[in-house]
Amino acid sequence: MSQVSREELKIVHQKGVLVALVEQREKNLVEDPLAELQGLAETAGVEIVGRLIQMRRSPDPAMCLGSGKIEDLKMLIEATNAEVVIFDNALSPSQGRNLEKELNRIIVDRSEVILDIFASRARTYEAKLQVELAQLLYLRPRLKRMWTHLERIEGGIGAGRGPGEKQIETDRRLIDKRIDELRRKLAEVVAHRQRMVSQRSDHKTVSLVGYTNAGKSTLMNALTGADVYVADQLFATLDTRTRKWELPGWGEVLLSDTVGFIRKLPHHLVASFKSTLEEARNADLLLHVVDSSHPEAQLQIDTVHQVLDEIGVDRSNMILVLNKADAVTDRSIVDVLRVRHESAVAISAHTREGFDRLANLVAKQLGEGFMSLRITGNVANGRIGPFLAEHAQVSRQEYTDTQVIFECLLPRSLTYRLRDFDVSFEPIVASQPTE
């Protein structure tokens with residue numbers, strides 16, 4: 001019985017030609033249709049030796065490109081000795097088969113490159129489960145292209161005889177069985193993560209989201225002192241990490257980093273990584289980190305919004321963090337983004353520029369519906385402490401011989417309860433964010 005494998009499709013250290021079919025309705029969306037695919041391919045370890053772009057009303061159903069461009073692609077392959085052809089478009093199983101027959105080269109589409117990158121980046125048990133599930137969901141409808149052993153297994157009656165079906169059908173059943181197993185294991189991971197998230201009710205949670213390589217991990221390290229892996233490459237980290245962030249004027253919050261998004265992110269990959277994005281769905285506040293120096297920053301913002309909507313994340317409480325301000329050559333670009341997005345702040349995770357403004361804005365938005373209070377009670381009062389520990393965010397606690405003083409944030413709806421604890425209290429005037 002065969003083993004389902006993708007080893008034959010590894011593209012590391014191979015010479016590759018990049019191809020994009022740009023439909024008429026998309027021609028003005030991106031300045032260079034192959035720029036992002038080139039970054040993905042280089043991250044996957046491909047040596048880029050050629051590029052080809054076709055503008056067309058719609059993809060050809062048989063081979064994506066028109067017949068004339070197929071001939072141009074053949075000549076480009078011969079001239080560059082390319083071993084693999086990488087399409088920016090999502091290819092149907094039949095398009096992939098037809099192209100491989102016509103070009104006699106390995107054909108890979110954008111989704112498969114991303115899957116290969118994710119496979120190389122997966123480190124934790126959860127990430128490995130998610131990547132394998134996404135790979136199998138991608139592979140299943142493409143078995144005819146992956147395998148050449150399509151002859152029938154010998155049928156008949158008697159010991160040792162096969163069931164009289166194609167090998168591909170056996171492989172498909174193996175894949176289905178493994179998919180069911182992976183989904184069951186991921187469901188267990190999701191249940192465990194939900195229990196962990198629910199146990200954090202004593203801390204406000206803030207989640208970093210954004211386009212891949214926007215600087216989320218660098219920002220998390222700068223804010224929390226966390227040792228999160230950072231690299232100037234796409235999808236440097238896949239796993240969610242949560243660290244404590246000491247927020248001035250508020251106290252500790254939990255800050256989580258999440259996997260980066262990308263344009264045309266494969267649907268099955270989004271589905272597989274929903275459990276990782278549980279942090280974002282349950283966060284009290286989202287920090288949408290954007291590379292403000294990128295020429296297509298607005299398109300990346302739109303892409304992240306689309307993915308968040310797809311996975312059911314509420315975007316109503318979100319701050320746009322315009323990162324890499326130190327790398328911006330035209331400040332008017334940042335000004336335009338700030339005008340378009342009401343809740344936005346420009347920072348640099350590298351130089352720490354704008355960190356005070358960011359902290360003040362986060363504290364302000366987390367504090368909506370809360371009151372900042374100074375509460376004074378008798379040191380022998382044993383009831384107020386447990387009440388505040390359960391319902392408030394305590395930033396300071398001080399004892400004297402006869403008194404205990406708490407500085408905290410308490411939901412406005414609970415301030416009336418303080419009258420039951422024989423304490424005095426007064427509001428603390430919060431500092432305003434500075435520009």
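Just so you know, these numbers use all the heavy atoms, side chains as well, and skip hydrogens, waters and symmetry mates. As the structure is a computational prediction, the values presented were derived from the model and not from experiment.
Every residue was checked against the side chain to side chain donor-acceptor pair (under 3.5 Å) condition with Asp72, not counting sequence neighbours, and none meets it. Residues satisfying the side chain to side chain donor-acceptor pair (under 3.5 Å) criterion with Glu181, sequence neighbours excluded, are Arg178, Lys185. The side chain to side chain donor-acceptor pair (under 3.5 Å) check on Gln365 picks up Asn317, Ser343, with sequence neighbours excluded.
At a threshold of 4.5 Å between non-hydrogen side-chain atoms, the residues Ile384 and Leu418 count as touching. Leu133 has its side chain within reach of Leu186: a pair of non-hydrogen atoms, C-beta onward, lies under 4.5 Å apart. Between Arg110 and Glu36 the shortest side-chain heavy-atom distance falls below 4.5 Å. No side-chain heavy atom of Lys204 sits under 4.5 Å from any side-chain heavy atom of Leu285. Side-chain contact between Val253 and Asp284 is absent, with no heavy atoms from C-beta onward closer than 4.5 Å. Using a 4.5 Å heavy-atom cutoff, the side chains of Asn323 and Thr218 are not in contact. Between Gln397 and Ile405 the shortest side-chain heavy-atom distance does not fall below 4.5 Å.
Scanning all heavy atoms of the two residues, the minimum distance from Asp291 to Ala297 falls at O-CB, 3.7 Å. Listed here is the closest heavy atom pair of Leu337 and Leu322: CD1-CD2, 3.9 Å. Residues Leu286 and Ala283 share a closest heavy-atom pair of CD2-CB, 4.1 Å. Contact detail for Asp326 and Ser348: the closest heavy-atom pair is OD1-OG, 2.8 Å. Heavy atoms only, all atoms of each residue included: Arg140 and Asp176 are closest at NE-OD1, 2.6 Å. The two atoms that bring Ile347 and Phe355 nearest to each other are CD1-CE1, 4.1 Å, heavy atoms only.
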(request) Begin from the C-alpha positions of Leu410 and Phe425 and carry the test side-chain contact (heavy atoms from CB on, under 4.5 Å) through to its verdict. (result) CA-CA 11 Å; Leu410 184 68; Phe425 58 92; over 6 Å; no

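Atom-to-atom distance recorded for Leu255:CG and Leu208:CG is 4.5 Å, nearest 0.5 angstrom. Distance check: Leu137 CG to Glu132 CD gives 10.5 Å after rounding to the nearest 0.5 Å. Put simply, CE on Met371 and CG on Leu409 are 10.0 Å apart, with the number rounded to the nearest 0.5 Å. With values rounded to the nearest 0.5 angstrom, Ser292 atom OG is found 9.5 Å from Leu320 atom CG. Atoms CD and CG, from Glu246 and Leu223 in turn, are 12.0 Å apart once rounded to the nearest 0.5 Å. To the nearest 0.5 Å, atoms OH (Tyr211) and OG1 (Thr303) are separated by 5.0 Å.
Side chain of Gln393 to main chain of Glu252: a donor-acceptor pair is present (N/O by atom type, distance under 3.5 Å, no hydrogens or angles). Although no hydrogens or angles enter the test, the distance criterion places no donor-acceptor pair under 3.5 Å between the side chain of Gln403 and the main chain of Thr400.
With no hydrogens or angles considered, a side-chain donor-acceptor pair links His341 and Gln298 at under 3.5 Å. Using modelled atom types and a 3.5 Å distance limit, the side chains of Gln306 and Asp302 yield no donor-acceptor pair.
Judged by the 6.0 Å distance and 45° axis criteria, Arg383 is not positioned over the aromatic ring of Phe387.
The environment of Asp422 atom CG is sparse: at most 12 non-hydrogen atoms of other residues, nucleotides or ligands sit within 6.0 angstrom. Within a 6.0 Å radius of NZ in Lys101, no more than 12 heavy atoms belonging to other residues, nucleotides or ligands are found. Heavy atoms of other residues, nucleotides or ligands lying less than 6.0 angstrom from CZ of Arg184 number more than 12.
Taking the charged nitrogens against the carboxylate oxygens, Glu83 and Lys15 have no contact shorter than 4.0 Å, which rules out a salt bridge. Ion pairing between Asp257 and Arg243 fails under the 4.0 Å rule for side-chain N and carboxylate O. Of the charged side-chain nitrogens involved, none lies within less than 4.0 Å of a carboxylate oxygen, so that Arg97 and Glu100 do not count as a salt-bridged pair.
Residue Leu37 forms a side chain to side chain contact (heavy atoms under 4.5 Å, CB included) with just one option from Asn89, Val19, Ile86, Asp109, and that option is Ile86.
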